[in-house]
Trainee: 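Okay, here's the structure, questions in a sec.
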Amino acid sequence: MAPGAWFVRRITYPLLFPVLLGVRGREILRLHRHYRESQHWDPERMRQWQWQRVERLLTHAHTNSPFYRRRLESIGAEPGDIRGFEDFARIPPLTREELQAHLEELLDQSPNAVPHGIHFTSGSTGTPLRFGVDTARYTRVRAMLHRNQEWIGLAMGDRHAYLWAAFSERDIRKTLLHRIGHWAMNQLFHCVYDLTDEALAELNAQMIRHRSKLLTSFTSTLMTYADAVRRLDLPTPPFLGIISTGETLFPHQRELIEETFGCRVFDRYGNMEVGDIAHECEAHDGLHLNEERVYTEIQPDPELPGGLGDILVTDLDNMSMPFIRYVTGDLGRWHSDPTGCPCGRPLRRLADVQGRRYDIIRDRNGTAINGLVIEDIGSGAEGVAAFQCVQRSPEHLLFRIVPRPGFTAEQILANLRERSKISIGPDRFEFSVELVDAIAPSKSGKLRQIVSEISPAPRGDGLHSSSS
Ligand SMILES: [Zn+2]
């Protein structure tokens, strides 16, 4: 029995969040009201807001994080010398390699530091990362999520479904908490390991019964789901819209998903490190930056066409672990008219983002495996500094691995097998490991972290090309 939208606003956030998560849910409601208003601020007011936050962040990072103290010293500056965004752009960007190597020095080390949790991701470039996240950032990310979903027509607390990936850590207490949490948020949350026709048909039926108004999932998962709906001629849930995230959304994918489900697709760009960065609105003409939370820069690359360049982000909220001019590993470009969206919101827009790309991996029975699960196996195995997974035959996955010091190929192979046994069950694939010095992202098309050399494009792609 779903609890209703009022329950989320009156009970879940104010009463359950403090008890279950130790998070002030009322603060999320307050911030949500704030973001609804600030999305209409004129660009000048937004720049002032961002600058105040950047100044506060710089002073804080200089005082409490040895890494940033050295970083400012390296350009002969103290926080007071950075007087505007032009000066700010002189601070050397924070790379993933630095984040990986200097976690302790990046964290707030003051005695009254805000408590934080350590999160984990492999991100878009195959380099596993650990980083700190505090509650203030968590509450702001949640509030912003609701603001972005309103652009699709989903009010806070409306029925929402996720087709997500699950990771191999299995903690019963956490699982139970998650279940209660999703129920209390009026959400259907499905972890999809194997994207079989049977599993997708069952999930589809559940979403119809749930009357889910919104679906959020990864682009490649949506493509597999859409393909199954078409082949099996399934009725579709009454979605108002679908959010595609985690991977690059190509125009032919958008078209196929929209045709299949009879609703619009909204592209969302973000990462684990700073949360959601940009989101498409109802005008579907670029992605609005969540400027109140993240200051975004693009460093145009002269070798790339059309102003495309590295996306750098500064998290204006996470004091426990400052991300200042962080190189996301994704490429993007500004919209030709960043503040002139027909929707009327002056939040600046990116024209597009080129993030990660997953090919679809299938086992010997032809069952598609969720790309995030493969990513979890590779980045979660001990001894892996960076990886790429290549499927060359239905039985076999090759992992190209940059090892951590002291790990041999045999040890890493054993760790990969162990990790995959937990995630997808034993004997699904043969594994092999090839140790390499580096996995270079290609400037033109980004690193392809999960590559299939055997699987034809999913049938969905074929449908598109035959109709166009
Ligand atoms: Zn807009």
Side-chain angles (χ1 to χ4, degrees), residues 31-50 53 85 140-156 158 160 213-217 219 222 239-251 253-255 257-258 261-271 274-298 306-309 311-317 328 330-355:
L31 285 161
H32 174 235
R33 288 192 298 273
H34 168 78
Y35 291 146
R36 286 176 109 177
E37 190 210 309
S38 60
Q39 65 184 332
H40 301 293
W41 286 353
D42 62 62
E44 182 54 32
R45 183 168 178 196
M46 187 61 79
R47 285 300 85 70
Q48 279 173 17
W49 162 275
Q50 289 188 313
R53 300 249 146 185
F85 285 117
R140 284 171 166 80
V141 167
R142 279 215 75 86
M144 190 61 88
L145 186 73
H146 289 298
R147 195 262 303 266
N148 289 153
Q149 287 169 354
E150 283 174 348
W151 299 351
I152 302 160
L154 191 89
M156 181 188 281
D158 276 352
H160 184 177
K213 288 188 176 177
L214 177 68
L215 170 65
T216 301
S217 192
T219 316
L222 288 170
F239 300 135
L240 296 170
I242 291 177
I243 295 177
S244 161
T245 190
E247 300 157 53
T248 306
L249 174 69
F250 294 100
Q253 297 174 317
R254 180 194 291 270
E255 198 177 301
I257 298 165
E258 289 186 344
F261 295 98
C263 66
R264 298 302 301 267
V265 171
F266 295 73
D267 196 4
R268 182 171 97 190
Y269 168 58
N271 60 31
V274 305
D276 295 337
I277 296 165
H279 205 288
E280 201 171 296
C281 73
E282 63 273 29
H284 300 279
D285 184 14
L287 288 84
H288 285 286
L289 294 170
N290 286 326
E291 298 204 88
E292 302 93 326
R293 280 210 55 252
V294 181
Y295 175 68
T296 304
E297 299 166 83
I298 305 239
L308 205 59
I311 301 178
L312 270 53
V313 290
T314 298
D315 187 327
L316 303 177
D317 298 319
T328 58
D330 303 311
L331 299 171
R333 71 182 110 214
W334 289 111
H335 192 284
S336 57
D337 181 8
T339 56
C341 186
C343 78
R345 299 178 190 95
L347 298 166
R348 287 183 299 169
R349 287 177 292 167
L350 300 179
D352 54 20
V353 175
Q354 297 181 12

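Counting convention: from 1, in listed order, for ligands and their atoms alike.
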Trainee: List for me each residue that meets salt bridge (charged side-chain N to carboxylate O under 4.0 Å, His left out) alongside Arg33, sequence neighbours excluded, and say none if there are none.
Mentor: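 For Arg33, no residue satisfies salt bridge (charged side-chain N to carboxylate O under 4.0 Å, His left out) once neighbours in sequence are set aside.
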
Trainee: Determine the sole option in Arg140, Arg53, Arg147, Arg47 for which the salt bridge (Lys or Arg N to Asp or Glu O under 4.0 Å) test with Glu292 is passed.
Mentor: Arg147

Trainee: I need the single residue from His288, His279, Gln39, Glu282 that forms a side-chain hydrogen bond (donor to acceptor under 3.5 Å, both in side chains) with Trp151. Which is it?
Mentor: Gln39

Trainee: In the structure I gave you, are the side-chain heavy atoms of Leu214 and Phe266 within less than 4.5 Å of one another anywhere?
Mentor: no

Trainee: Would you mind counting protein N, O or S atoms that sit less than 2.8 Å from the Zn ion (ligand 1)?
Mentor: 4

Trainee: What residue among Arg254, Arg268, Arg345, Arg264 forms salt bridge (Lys or Arg N to Asp or Glu O under 4.0 Å) with Glu280?
Mentor: Arg254

Trainee: Working note: Phe261 + Leu215, criterion side-chain contact (heavy atoms from CB on, under 4.5 Å); need CA distance, chi angles, decisive distance, verdict.
Mentor: CA-CA 11 Å; Phe261 295 98; Leu215 170 65; 5.5 Å; no

